[in-house]
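Counting convention: from 1, in listed order, for ligands and their atoms alike.
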Amino acid sequence: MERIYGKPLLTQEEIRKRVKDLGRQITVDYEGKDLLMIGVLKGAYNFFSDLTRAIMLPVRIDFIIATSYGMATQTSGIVRIISDLTEDIAGQDVLLVDDIIDSGITTDFLKKHVLQKRPGRLKTCVLLDKKERRKVEIEADYVGFSIPNKYVVGYGLDYKNKYRNLPYIAVLDVNVES
Ligand code: IMP
Ligand code: MG
């Protein structure tokens, strides 16, 4: 699988360190609070799993399965919820965790969707941020890395639902993808 990529954009070690730091920061920020973390599938599955284990609090977890892309590398602009939360989040401290903010459309949509369920406080956390590509004015409360305007795969992020299991993050070379 590695043969189609150049050097990793973010190595396993860099990701591991940053996730640990984020976990430490979230632990401090939510000390004494009852935190419910929502993972956005499929893209956040690795990040969410590692992040929850870097937080030294008895968090509760839930998932939303959402989709915004067809099979392309550009957002369709239409986000669909395939599977919704199983927990009642009314009045709760909630942290929504996704893989990446690109245009911002997905995060914006999911924030509004979750806010309709009346959480006490909602914050967002993303591993990656492609600031250059924003179409909706939105920022995450916690960001792992800001990255350049390149299509990346690995550590949960996909191209046509492949390469999610690459253990680091690499820029996809679409020319050699097959
Ligand atoms: P947005 O709605 O344009 O912000 O896109 C957010 C979603 O698009 C993310 O949750 C990803 O699933 C996907 N996405 C955006 N950029 C990339 C990328 O570089 N690689 C893989 N998926 C991406
Ligand atoms: Mg995604």
>> As a check for students: among T106, V40, N149, identify the option with a heavy atom nearest to atom 7 (C) of ligand 1.
In response: T106

> Any ion pair linking K111 and D108 (charged N to carboxylate O, less than 4.0 Å)?
Replying inline: no

> If you group Ile, Leu, Val, Met, Phe, Trp and Tyr by side-chain heavy-atom gaps below 4.5 Å, do V126 and I61 land in one group?
Replying inline: no

>> Tell me the closest heavy-atom pair linking T124 and E139, and the distance in Å.
In response: OG1-O, 4.0 Å

> Which of the atoms in ligand 1, numbered in the order shown and given with their element, are less than 4.0 Å from a heavy-atom of K150?
Replying inline: 19 (O)

>> Just to be sure I read this right, does ligand 1 sit under 4.0 Å from the backbone of K130, its side chain, both, or neither, counting only heavy atoms?
In response: side chain

> Is it the side chain (CB and beyond), the backbone, both or neither of V153 that lies under 4.0 Å from ligand 1, heavy atoms counted?
Replying inline: neither

> Which atom names give the shortest non-hydrogen contact between D141 and K123, and what distance separates them?
Replying inline: OD2-CA, 3.2 Å

> Hey, are D93 and R60 close enough for a salt bridge, meaning a charged N less than 4.0 Å from a carboxylate O?
Replying inline: no

>> Quick check: closest heavy atoms across P167 and I15, and the distance to 0.1 Å?
In response: O-CD1, 4.4 Å

> Atoms of ligand 1 less than 4.0 Å from L157 heavy atoms?
Replying inline: 20 (N), 21 (C), 22 (N)

> For F48 and V97, which heavy atoms make the closest approach, and how far apart are they?
Replying inline: CD1-CB, 3.7 Å

>> If I apply the N/O under 3.5 Å rule, does G104 come out as touching ligand 1?
In response: yes

> Within less than 4.0 angstrom of ligand 1, does K135 place any heavy atom?
Replying inline: no

>> Below the 3.5 angstrom mark, is there an N/O of V152, backbone or side chain, next to an N/O of ligand 1?
In response: yes

>> Taking 4.0 angstrom as the limit and counting only heavy atoms of I105, give me the atoms of ligand 1 inside it, by number and element.
In response: 2 (O), 4 (O)

>> Polar contacts were defined as any N/O atom of the residue lying under 3.5 Å from an N/O atom of the ligand; does this apply to S103 and ligand 1?
In response: yes

>> Only heavy atoms of D158, strictly under 4.0 Å: list the atoms of ligand 1 that pass.
In response: 21 (C)

Extract all donor-acceptor atom pairs below 3.5 Å that involve side chains of residues 26-41 and protein atoms in other chains or at least two apart in sequence.
residue : atom : partner : partner atom : Å
T27     : OG1  : G23     : O            : 2.6
T27     : OG1  : M56     : N            : 3.1
D29     : OD2  : Y142    : OH           : 2.6

> With a 4.0 Å heavy-atom cut-off (strictly under), which part of D98 contacts ligand 1: side chain, backbone, both or neither?
Replying inline: side chain

